[in-house]
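The block underneath contains the structure these notes are about, expressed in structure tokens.
Note on naming: letters A, B, ... go to the chains in the order of the sequence lines (proteins, then strands), and numbering restarts at 1 for each one.
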Amino acid sequence: MYRNIPELLNAAEQIAGLTLGELAHQHHIAIPGSLRREKGWIGQLLELALGATAGSKPQQDFPELGVELKTLPLANNDLPLESTFVCSAPLLNQQTITWNTSNVHHKLSTVLWIPIIGDRTQNIASRVIGTPWLWQPSAAQEQILRQDWEDIMELIALGKVESVSARHGEALQLRPKAANGQSLTPAIGIDGTIIQTRPRGFYLRSSFTRKLLQAQFQL
DNA sequence: GGCTGATCATAG
DNA sequence: CTATGATCAGCC
């Protein structure tokens, strides 16, 4: 669909300034009254609008360009409202994975961020698509992410997954990522045996994405 | 009010 | 179950 990244960025810039209501209307999509039961609705609308590959393929949104698309909800003061989900965390057989071969590294190598301005109290249709920007981690940013990832992955490998809370990690944190509290997946237990635990995912802290915004827009 | 832990929809 | 897309909700 896009021959290169600038074409994609340009397409994203074309829809900046539109409200979600306007964009949804263009694509004949009904707007939910709440995101409570459709948490991924905004992200999916943007994927549709920009022509990202639909479905649940476990790779980037624009594989031919190596670009991952992420929406970033902002309050009206331009600060991130939420952390950003990156990918699920491998809890088993992860001994052969290194930072450079990890899913986190891959997903975050190039991200097209699309701010969505409007807090929880604002109706979804009136929220506004902000100015998109392309991000590739600086050496310093990558170092922080790598350190967090390695620390967390080591704890998982040592069978301490249950003791890793969301308080770990400067930029990257580990949190539950599941349909509900009943979901279970195998992981390494403290004696090296296999235990069942809640699936986990890696998330970028909002303090980290806030810095990305500030660096990009000199806020 | 921020943050952690819990949760929702859908596809395969 | 895992993957995709995330936000909700209540504790501190």
Problem - Whichever of A:Ala89 and A:Arg120 has its nearest DNA chain C nucleotide further upstream toward 5' - result: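 Its nucleotide being nearer the 5' end, the pick is A:Ala89.
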Practice task
For A:Leu72 and for A:Gln59, locate the closest nucleotide of DNA chain C by heavy-atom distance; then report the residue assigned to the nucleotide nearer the 5' terminus.
Solution key: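 The residue whose closest nucleotide sits nearer the 5' end is A:Gln59.
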Report the distance from atom [atom1] of [X] to atom [atom2] of [Y], rounding to the nearest 0.5 Å.
| X | Y | atom1 | atom2 | value |
| --- | --- | --- | --- | --- |
| A:Arg127 | A:Ile116 | CZ | CD1 | 9.5 Å |
| A:Thr71 | A:Glu82 | OG1 | CD | 10.5 Å |
| A:Asn103 | A:Ile97 | CG | CD1 | 8.0 Å |

Practice task
Please determine, by modelled atom types, if A:Thr209 and A:Ser206 share a side-chain donor-acceptor pair under 3.5 angstrom.
Solution key: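 No donor-acceptor contact under 3.5 Å links the two side chains.
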Exercise for the section: Verify the distance criterion only: is there a donor paired with an acceptor across the side chains of A:Trp135 and A:Gln141 at less than 3.5 Å? Expected result: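 Yes.
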Handout entry: Side-chain N or O of A:Arg205 closer than 4.0 Å to phosphate OP1/OP2 of B:dT4
Key =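 Yes, such a contact exists.
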Problem - Phosphate contact (C:dA3 OP1 or OP2) by A:Ser88 side-chain N/O below 4.0 Å - result: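 Yes, A:Ser88 has a side-chain N/O under 4.0 Å of OP1/OP2 on C:dA3.
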Separation of atom [atom1] in [X] from atom [atom2] in [N], rounded to whole Å:
| X | N | atom1 | atom2 | value |
| --- | --- | --- | --- | --- |
| A:Glu47 | C:dA3 | CD | P | 17 Å |
| A:Asp119 | B:dG1 | CG | C1' | 13 Å |
| A:Glu38 | C:dG5 | CD | P | 17 Å |
| A:Glu68 | C:dG5 | CD | P | 5 Å |
| A:Leu184 | B:dG5 | CG | P | 17 Å |
| A:Glu162 | B:dT4 | CD | C1' | 16 Å |
| A:Ile116 | C:dT7 | CD1 | P | 9 Å |
| A:Phe85 | B:dT4 | CZ | C1' | 16 Å |

Selected nucleotide, minimal atom distance to [X] side chain, candidates [options]:
| X | options | result |
| --- | --- | --- |
| A:Leu35 | B:dG5, B:dT7, C:dT7 | C:dT7 |
| A:Gln173 | C:dG5, C:dC1, B:dT4 | B:dT4 |
| A:Ala166 | C:dC8, C:dT4, B:dT4 | B:dT4 |
| A:Tyr203 | C:dC1, B:dT7, C:dA6 | C:dA6 |
| A:Pro176 | C:dT7, B:dT4, B:dT7 | B:dT7 |
| A:Asn180 | C:dA9, B:dT7, B:dT4 | B:dT7 |
| A:Arg37 | B:dT4, B:dC8, B:dC3 | B:dC8 |

Exercise for the section: Hey, which sits more toward the 5' end of DNA chain B by its nearest nucleotide, A:Ala179 or A:Ser83? Expected result: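 On the 5' side of the pair lies A:Ser83.
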Donor-acceptor pair under 3.5 Å, [X] side chain vs [N] base:
| X | N | answer |
| --- | --- | --- |
| A:Lys70 | C:dG5 | no |
| A:Arg175 | C:dT7 | yes |
| A:Lys177 | B:dT7 | no |

So what does [X] hit on the nucleic acid, given a heavy-atom distance under 4.0 Å: a base, only sugar-phosphate, or nothing?
| X | result |
| --- | --- |
| A:Gln60 | nothing |
| A:Gly43 | sugar-phosphate |
| A:Leu81 | nothing |

Problem - Taking every non-hydrogen atom, the tightest pair across A:Ala24 and A:Ile31 - result: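 So the two residues come closest at CB-CG1, 3.7 Å.
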